[in-house]
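Below is one structure; the comments refer to it alone.
A quick note: this is a predicted structure, and the numbers were derived from the prediction, not measured. Residues take their numbers from the sequence shown, with the count starting at 1. Counting convention: from 1, in listed order, for ligands and their atoms alike.
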Amino acid sequence: MDSFKQSIYQLIVQTSTNLPSDVRRAMDAALEREAPANQSGQALAVIANNIDQAVESEGAICQDTGWPTFEIKTPVGANQIAMKRQILEAIADATAKGKLRPNSVDSLSGKNSGNNLGPGTPQVHFEQWESDDIEVKLLLKGGGCENMNIQYSVPCELPHLGRADRTLDGVRKCILHAVWQAQGQGCSAGAVGICIGGDRTAGYAHAKAQLFRSLDDVNPNPDLAKLEDYIMRASNTLGIGTMGFGGDVTLIGCKVGVLNRLPASFFVSVAYDCWAFRRLGVVLDVGTGAIKRWLYRDEKPAAKMARSEGFPLTGREVALEAPLSEEKVRALKVGDVVLLQGEMVTGRDAVHHYLMHHDSPTSLRGAVLYHCGPVVLKQDGRYRMTAAGPTTSIREEPYEHEVIKRFGVRAVMGKGGMGAKTLAALKEYGAVYLNAIGGAAQYYARCITDVLGVELLDLGTPEAMWRIRVKDFPAIVTMDAHGNSLHADVEKASAVILAKLAEPVFE
Ligand code: SF4
């Protein structure tokens, strides 16, 4: 099997950089459906450009290259130990070449292993089958959407929907609630894999396994097919839209599986995936390990996704250059589109924790603090960011009020929005929250003209504090210094629609 490792490397690179055909079709339909001039339409335009740029440069679609899960079927007698060893080597190679971000962190020490290897990473599941070929499927699922997974133990009371019973209608309510609670934080439009039943562990695993189904297949169980169809239609009336900006497309896929359960338990498990739905597969020759064919790909090469170049400008964009003054920031309001120029500083979970106990290693007065864990390559002694989209901001909610107050940050940028405590700090100290387009890692990497330096690199590449210079970096003001939050507004409006879906639909 001389070619096995090379085939796995190709599978990893293609999965990280080139979306499968079914997801492309779903995103194409979303682009058709969403009004181009609203904020969801603008975000989708950036996403479409990003998808094309990732293919052209063979760069990561999203800087969070995710948690790799391999599902492998082998003929009886194939050497699984040798295969696993070569899979680990291919993962380390892909990480060294910047196709995967170092994403495996010791949960006790917080140290990043640097090569995506460690206990639990990657996940490699083998199964034997009767075929003479080897089938390898790979899912790369990022942290922002993983954090939106949810498990219900029914019967239970659900906000806005009332009681969910141990019936198909109770399951319907759980799924609707799962989509609603994710809002834009999992980089909607998203897809959900569902498991009805199982124990808690098997339920989550089977829910994730549904994400290996093609988005446009039809469930062979007629009851589940009806449920999937209903969820797709109902979810897309919620008005959550791309990145939770409000819009017509909230869900691009719903796949439901079922397992038996214990008499005393009834779990509904939900695996949420984002629009950057990275899943591919290959069929390999058992003798050589060479790729015989790709799975989840149409015969003809993928067409370009973008309808227009870059961010659709209206002429009403506000130019912002750091350091920002309080006056300039207080003049911004929710809905404004800004184009950032000049310097920014990245900082996410570890930096926020660090700032609770130390001074900042670089001045943050008037700064734009970007929640971002980039992919960075060092070439000829210089750093280059090859993927640099925003991370989920709500994780910094316990810290951000203090950071704004103590360090004088004027703009916090990330995705998915933040909570009431940060909103109060924006108002009190004069700052704004900017929502960048989640997953648009290639698009934003091209807006970074220089990496000026790095602090706290011992926290690991994604967690370090990078100082960067940007040009025409677009983002939308979604929380302002006047107490307004687009995220709170969309959540409230979608809750009213959700409540109207409480009436039973299935027996
Ligand atoms: S698109 Fe968003 S949710 Fe998906 S992996 Fe990237 S940052 Fe995470």
Side-chain angles (χ1 to χ4, degrees), residues 12 15-20 23-24 26-27 30 40 43-44 46-51 53-54 59-69 99-105 116 121 138-150 178-179 181-193 208 211 215 240-245 249-253 270-280 305 346 348-349 370-375 385-396 413-417 434-445 462-463 475 478 487:
I12 295 165
T15 307
S16 180
T17 62
N18 196 347
L19 288 179
V23 177
R24 286 172 166 275
M27 292 304 289
S40 277
L44 269 174
V46 170
I47 287 170
N49 273 280
N50 185 78
I51 291 169
Q53 288 165 339
I61 294 166
C62 176
Q63 75 290 336
D64 185 350
T65 55
W67 179 262
T69 302
K99 306 298 181 187
L100 295 178
R101 184 179 73 177
N103 254 2
S104 177
V105 175
N116 270 312
T121 38
L138 171 62
L139 180 74
L140 297 173
K141 188 168 182 295
C145 51
E146 186 66 16
N147 290 347
M148 293 299 109
N149 291 359
I150 189 165
V179 174
Q181 59 93 41
Q183 291 286 309
Q185 291 181 43
C187 288
S188 56
V192 284
K208 195 174 195 178
L211 299 175
L215 289 183
I240 295 169
T242 314
M243 301 312 303
F245 289 162
V249 186
T250 299
L251 206 64
I252 57 170
V270 182
Y272 187 98
D273 211 339
C274 52
W275 68 260
F277 191 137
R278 289 150 294 173
R279 175 244 298 125
L280 278 179
M305 185 73 70
T346 71
R348 42 183 258 162
D349 309 63
Y370 184 23
H371 296 161
C372 170
V375 178
M385 284 195 179
T386 59
T391 197
T392 311
S393 297
I394 197 71
R395 298 198 306 272
E396 317 318 336
M413 181 163 65
K415 57 122 173 148
L434 305 174
N435 204 121
I437 314 306
Q442 289 303 314
Y443 186 90
Y444 284 123
E463 298 291 341
T478 54
H487 308 283

Which of the numbered atoms in ligand 1 are under 4.0 angstrom from any heavy atom belonging to Ala276?
1 (S)

Ignoring hydrogens and angles, state whether a donor on the side chain of Lys415 or Ser393 is under 3.5 Å from an acceptor on the partner side chain.
no

So, Cys62 and atom 6 (Fe) of ligand 1: N/O/S under 2.8 Å, yes or no?
yes

Would you mind checking which non-hydrogen protein atom is closest to atom 8 (Fe) of ligand 1, with the distance to 0.1 Å?
Gly144 N, 3.7 Å

Nearest-contact summary for atom 1 (S) of ligand 1 - protein heavy atom, Å:
Gly439 CA, 3.5 Å

Relative to ligand 1, is Lys141 under 4.0 angstrom through side chain, backbone, both or neither, heavy atoms considered?
neither

Please identify which atoms of ligand 1 are closer than 4.0 Å to at least one heavy atom of Gly186.
3 (S)

Heavy-atom side-chain proximity of Trp275 to Val249 below 4.5 angstrom
no

If you measure from each heavy atom of Lys415 to ligand 1, is any distance below 4.0 Å?
yes

Tell me: protein heavy atom nearest atom 4 (Fe) of ligand 1, and distance?
Cys274 SG, 2.3 Å

Among all protein heavy atoms, pick the one closest to atom 5 (S) of ligand 1 and tell me residue, atom and distance.
Arg278 NH2, 3.1 Å

Main-chain N/O of Met148 paired to Gln181 side chain as donor or acceptor, under 3.5 Å:
yes

Just to confirm my output: which protein heavy-atom neighbour is closest to atom 3 (S) of ligand 1, and how far is it?
Cys145 N, 3.4 Å

What atoms of ligand 1 come closer than 4.0 angstrom to any heavy atom of Cys187?
1 (S), 2 (Fe), 3 (S)

Taking the basic N atoms (NZ, or NE/NH1/NH2) and the acidic carboxylate oxygens, is any pair closer than 4.0 Å for Glu396 and Arg348?
no

